[in-house]
Amino acid sequence: MRRIAVASFVVFLMLSSKSQAADGEALVLVQKAFDYWRGLSSYSEFSMTIHRPDFERTMILRGWTKGRSDGLFYVLQPPKDMGNGSLKKGRQMWSYNPKINRAIKLPPSMMSQSWMGSDFSNDDLAKSDSILDDYDHAVVEREMVDGHQVFTVESIAKEDAPVVWGKQILRVRDDFILLSEQFFDEDMELVKEMTAEDLVEFSGRIFPKIWTMRRVDERDRFTRLEYHILEFDIDIEDRLFTLASLKSKKRLQ
Amino acid sequence: MEIIRVDSVSKVYHQGRVSFRALDKVSLDFKKGEFVALAGPSGSGKTTLLNLIGSLDVPDEGEVFFDQKNLSELNDSERADLRLHRIGFVFQAYNLIPVLTAAENIDYILLLQKVDKFLRTRKVNDILQEVGLTDKASNRPDELSGGQQQRVAVARAIVTDPQVVLADEPTANLDSTTGRKLLEMMQQMNRTKKVTFIFATHDPMVMDFADRLVSLKDGRIVSDTAK
Amino acid sequence: MRFFDLLSVQISWRNLWRNPRRTTIILTAIVVGIISMIVLSAFGRGMMEGMVKNSIDNLVGHIKIQNPQYRIDPAIDNRIDQAEKIAAQIGELLPDDVQLATRLRLDGVLSTSREHTGVMIVGIDPAAEKGVSFIGRPLYQGTPLQPEDARGLLIGQGLLERLGLEIGKKVVVLSQDASGEGRSKAFRIRGSYRAEMRDTEKRYIFINLKSFQDMLAAPGSATEISISLRNANAYQTGTVEDYVDRINERLDGLGLEATGWRQLLPAIAAYIDMFDVYMLIWFVVVFVAMGFGLANTVLMAVYERMREFGLQRALGLRSSGIIKNVMIEVLFLLLIGMALADLCSFFLVKVVFRSGIDLGSFGAGIEMWGISRIVYPVLSLSDIVMANGVVVLLGLLVGLYPALHAARFTPIETMRHL
Amino acid sequence: MNDLLLAWRNIWRNPRRSILTILAIAFATALLVFMLSFQFGAYDDMIDSSVRLSTGHVQIVAPGYHQRPEMRKVIDNPEELLQEATMLSNVDAVSLRSEAFVLASGEKRSRGVMVTGVAPHHESKISSVPQQIKKGRYLTEGDGAAGVIGALAAQHLQLDVGDECVLLGSGRDGSIAAAVVEIVGIFKSGVDEFDRSIMQLPLAEFDTIFSMEGAVHRLIFTFAHLSDSQAGAAQLRQGERARKLQVLTWEELTPGLKQSIELDLISGIIMYFILVIVVAFSILNTFFMAIFERKKEFGVLMSIGMKPRRLVVLMLLESFSMTTVGLVLGILCGIIITLVAARYGISMGDSAEFMAQYGMPERLYPKLTLLSVTVGPLLIFVVTLLTALIPVLRIPSLRPVEALRS
């Protein structure tokens with residue numbers, strides 16, 4: 001599921017890992033899809049809406065990603081949470097709170113907890129295990145939708161891979177845009193899914209504007225991301241992804 | 001007019017494998033106001049006869065009538081009532097309730113008769129005076145001499161105005177002077193109240209006092225003489 | 001004069017049965033009393049030993065070698081390096097029937113596709129756990145961990161049910177390595193175990209030690225070496241303390257420490273010490289209840305025979321002789337009672353209650369106290385001796401009262417009395 | 001002069017025997033009165049210390065909060081409810097609490113901790129934590145970002161009094177909640193689970209950190225007496241606002257405690273029952289004797305016309321009087337012993353530490369209640385009378401002639 005997040009944050013999760021040149025078009029397709037998203041680096045501003053049966057809350061965030069494992073996110077809105085930040089470096093993660101001006105390292109055991117109360121976990125942000133490595137991929141269906149060929153890829157988890165999913169089903173367009181990602185448990189029962197909608201152009205790339213993650217058993221609980229600004233392959237210094245940088249407030253303007 | 005009629009009564013006791021014929025087809029009448037002694041050696045059947053008359057026991061054969069009533073037709077409870085209201089008992093020993101005073105011992109039987117308290121007190125006082133024990137009223141049996149105890153016993157037997165008083169060896173534990181006094185007292189009562197007295201005894205003095213002497217031997221009547 | 005001359009014994013024996021009903025009644029009181037002492041103490045002891053055993057079984061052992069820091073901060077930082085080597089060295093110090101189990105025990109997270117839950121991950125050598133801890137016992141479901149099974153995992157039945165898992169399912173386990181980084185690995189559930197404590201079932205998962213070491217890139221590490229004394233009387237303080245001293249001598253300089261279970265479970269150790277006192281109190285209480293009856297019965301028997309005692313005195317028997325006769329009678333009474341009661345108790349414990357008493361209906365309550373669901377009575381020689389001892393000693397003491405009474409009857413008095 | 005008096009006099013015909021019998025009954029009675037008082041007292045103490053440590057006698061929570069605590073399931077405007085509740089007659093104290101699961105970090109270590117917001121002033125009336133401070137001090141009304149923490153949690157986080165602890169969690173509205181609090185005190189309740197996982201903050205501070213906007217998670221009630229809690233809960237449920245909330249009693253909050261009390265009570269009852277049976281056999285002989293040595297006397301009584309039924313009553317009266325004397329004596333002794341023990345308390349000795357794990361205080365105080373004074377004696381009374389019946393019921397089959405001859 002980390003993947004989900006990845007995709008949703010486009011940004012950083014998906015690394016073009018040096019996946020062994022697996023043959024087969026499915027692998028290439030998946031690899032290309034994630035390459036398309038990831039870019040070398042990214043800058044984004046997006047809103048995150050957490051929906052619950054009796055409650056809904058929207059935050060606006062800003063983030064940078066670089067390479068396979070670095071990411072930095074700040075909350076811009078609501079004002080109360082403004083300045084809260086998350087830094088991800090390698091497999092480690094820190095949380096920064098401006099009120100107390102401290103950055104707290106999350107212990108591994110907290111990584112599976114929800115990130116900022118959303119349906120994404122800290123792990124979703126931090127983990128970068130490649131879908132490419134942990135799964136075997138196969139194209140199971142092709143169809144034509146709106147003039148594009150859409151591939152359905154079934155990715156079955158490898159026996160020993162440290163992933164909790166039994167399989168994932170990805171729908172990828174012929175221009176490598178990921179349309180949806182479904183997560184199945186070991187009994188091949190659908191647990192949760194992420195869907196992408198509203199394809200628009202962000203700095204020259206067609207990209208889904210809205211991403212929704214929801215659990216199958218609770219339809220009324222979901223988290224929706226909506227991109228407002230998204231730039232790819234911009235020049236970002238490595239020192240952006242440091243603790244000192246996390247604590248500085250200058251990136252909020 | 002007889003008060004008690006014993007009609008060919010037999011009684012057999014079993015003790016282990018041995019059976020013992022205490023009474024053998026005995027027939028006998030007692031008239032109202034008689035003062036009778038049943039005499040005979042140990043085992044002659046006199047106590048058994050007394051018990052049958054007193055409805056303490058039932059005969060194996062024959063019948064006992066008390067005031068025309070066949071005792072064998074009565075149940076336990078009716079017999080107890082008969083004893084309570086119409087018969088008085090005086091025994092050789094263990095006669096009184098040890099934890100009650102002389103007055104209370106007498107009072108107790110009236111209590112059983114459900115006589116009301118006022119009447120009870122009067123009756124107890126009267127009878128104590130009659131037997132000459134007014135000053136010993138609040139003494140317990142162990143504080144009384146044998147003669148005094150037996151006098152209380154007689155008082156208790158007589159206080160209910162019974163028709164018959166049955167006395168089993170009343171003088172056996174007493175010296176002769178005391179025994180004589182007791183007998184004189186009972187004779188007095190027999191005369192004044194017309195109460196029938198039946199004694200089981202082998203004390204010659206009792207036989208002297210008796211108006212009628214019935215001798216038993218081996219469960220049979222050997223003689224029956226009135227004086 | 002011999003104390004137990006045949007004639008006195010015969011007289012006392014026959015006297016005892018002059019009033020069979022009375023003797024039977026008081027014997028019943030004695031028998032019921034002693035049975036209650038023995039059977040209840042057997043259950044009490046069973047409950048307590050179950051409690052101790054559960055605690056010791058709960059990965060404690062009789063002696064445990066740890067880095068002393070681990071007890072304060074159970075992190076991999078406070079590990080034992082080269083644990084196997086140390087375990088082997090310690091093993092040489094101890095008798096052959098002693099078992100050592102090396103474990104790596106750390107906090108972690110168990111993840112399934114639907115849930116994450118905090119767990120205690122224990123890396124074990126499955127063979128070494130047999131007879132040492134609850135995980136060495138037959139599983140509730142599935143197959144045991146095979147020594148070479150790098151991906152096998154055992155889970156508590158309670159946790160299995162809570163997470164809606166089944167045998168054969170895959171789970172991902174995460175823990176923190178020495179550098180503070182999270183390491184995760186996929187495992188398959190091979191089997192599920194049942195533990196006395198539901199809490200244990202919901203918290204502990206077991207994997208092969210080697211596989212855990214590999215996962216954390218910490219070859220040869222462990223956090224504890226647990227030592228079980230199998231046949232030695234493990235509850236006897238001396239034995240354990242003796243071993244602890246010897247082990248600590250050997251561990252000198254290694255920064256490790258051996259601790260006996262009494263120190264590991266101080267609260268339970270204290271409770272055990274109190275248990276004997278509680279039992280003794282109960283014994284005395286029951287005895288007092290029947291002591292009154294005993295005194296009364298013997299007193300009655302003595303009063304009844306006042307005349308005989310007078311006669312015996314008249315014939316020249318000294319008062320001490322009378323005391324002796326009465327005491328022999330009391331002793332007979334007690335001995336018969338004890339023999340019957342001991343037999344009945346034995347029968348009750350070994351036959352009637354052989355399969356224990358099920359306290360299942362007090363589920364949450366017994367768990368709170370760490371009591372096993374099924375309590376098996378434990379006959380301990382010391383309890384039996386104590387129960388019988390209390391009865392004989394106090395019984396004779398109580399019997400002395402009527403005996404002294406009997407000795408006081410003078411011939412004249414008794415003759416006059418009747 | 002009546003039968004009761006007669007029975008009473010009969011008892012003293014053989015004073016030694018009667019005294020022994022009475023003592024046996026008195027002993028068992030006194031023991032039962034004391035033991036039941038002791039057990040009831042201990043249960044009350046156990047419940048009380050558990051109640052005082054965390055749950056209170058009765059709680060009001062938002063629906064579903066007890067089953068699955070979530071920050072959003074709050075009680076809004078608790079003051080109103082508080083007003084409503086304090087009107088109840090038997091309420092001893094009420095306090096408000098809120099809870100949040102956070103990541104707490106010390107200098108080097110982090111771990112999950114349950115943070116409880118408490119009103120220090122109310123809490124001291126309702127909770128035992130203020131008395132269990134082992135180092136530093138408890139919270140006061142004026143405290144800001146100050147916290148007290150369980151000894152084991154402090155040990156794990158390597159925190160001491162005066163150290164700062166960073167908390168990170170989420171607020172009621174889902175916002176990010178973070179705070180630095182100064183540890184002002186470390187408490188040790190003896191219950192490991194509690195000492196390992198709890199940190200307390202002033203409620204006002206909690207409200208700010210976790211954006212509670214005046215809402216709380218729990219209303220905690222204690223009553224003057226434990227026995228009031230059921231009635232109190234029922235009364236609370238009637239309240240206008242409480243009807244929409246969930247009212248829970250201590251039994252529902254800690255089912256383990258209730259069952260362990262039941263277990264202890266039942267094993268106690270089994271022991272007492274056995275004891276009473278032993279006593280019954282002990283005195284059965286006395287009752288037999290009292291009848292058989294007086295056979296002849298019964299013969300006389302029956303001869304003069306007393307019916308066996310009346311004799312039975314008389315003899316039962318005798319046993320009854322004897323039992324009553326024993327009971328009264330035993331109850332008196334039991335009460336005295338209990339009162340003395342209640343005054344000074346009974347130390348559990350070395351077991352205290354073991355007991356502490358289960359929230360048992362160091363000294364136990366027996367508690368005299370109507371129940372503890374009556375249940376044991378009643379049991380003894382019934383069993384004794386049944387025992388007395390065994391020989392007495394042979395009287396009706398007694399024949400006057402045989403009785404006279406014996």
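Note on naming: letters A, B, ... go to the chains in the order of the sequence lines (proteins, then strands), and numbering restarts at 1 for each one.
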Output yes when B/D81 and D/K307 qualify as a salt bridge under the 4.0 Å nitrogen-oxygen rule, no when they do not.
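Answer for the salt bridge query: yes.
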Quick one: which residues of residues 58-73 of chain B reach chain D at under 4.5 angstrom, heavy atoms only?
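Result: none.
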Contacting region of D/R294 [heavy-atom separation from chain B under 4.5 Å]
neither
Below 4.5 Å from any heavy atom of chain D, which atoms of [X] appear? Answer side chain, backbone, both or neither.
| X | value |
| --- | --- |
| B/D76 | side chain |
| B/I109 | side chain |
| B/R79 | neither |
| B/R140 | side chain |

How about [atom1] on [X], more than 12 heavy atoms from neighbouring residues, nucleotides or ligands closer than 6.0 Å, or not?
| X | atom1 | answer |
| --- | --- | --- |
| B/K123 | NZ | yes |
| B/Q113 | CD | yes |
| B/K193 | NZ | yes |
| B/R122 | CZ | no |

In Å and rounded to the nearest 0.5 Å, what is the [atom1] to [atom2] distance from [X] to [Y]?
| X | Y | atom1 | atom2 | value |
| --- | --- | --- | --- | --- |
| D/L301 | B/L112 | CG | CG | 8.0 Å |
| D/S303 | B/I87 | OG | CD1 | 10.0 Å |
| B/T160 | D/I304 | OG1 | CD1 | 9.0 Å |

Excluding sequence neighbours, so at least two apart, what forms salt bridge (Lys or Arg N to Asp or Glu O under 4.0 Å) with B/D24?
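Listed in chain order: B/R21, B/R220.
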For chain D, the option from B/L84, B/L56, B/V99 that forms the most heavy-atom pairs under 4.5 Å:
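Sorted descending by pairs with chain D, the first entry is B/V99.
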Let's go through B/R156 and D/V300 carefully: what are the C-alpha distance in whole Å and the side-chain angles of both, what is the deciding distance for side chain to side chain contact (heavy atoms under 4.5 Å, CB included) to 0.1 Å, and is it a yes or a no?
CA-CA 12 Å; B/R156 183 183 64 186; D/V300 171; 3.7 Å; yes
Given 3.5 Å as the limit, does a donor-acceptor pair link the side chain of B/R83 with the main chain of D/M302, or not?
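Side chain of B/R83 to backbone of D/M302: a pair is present.
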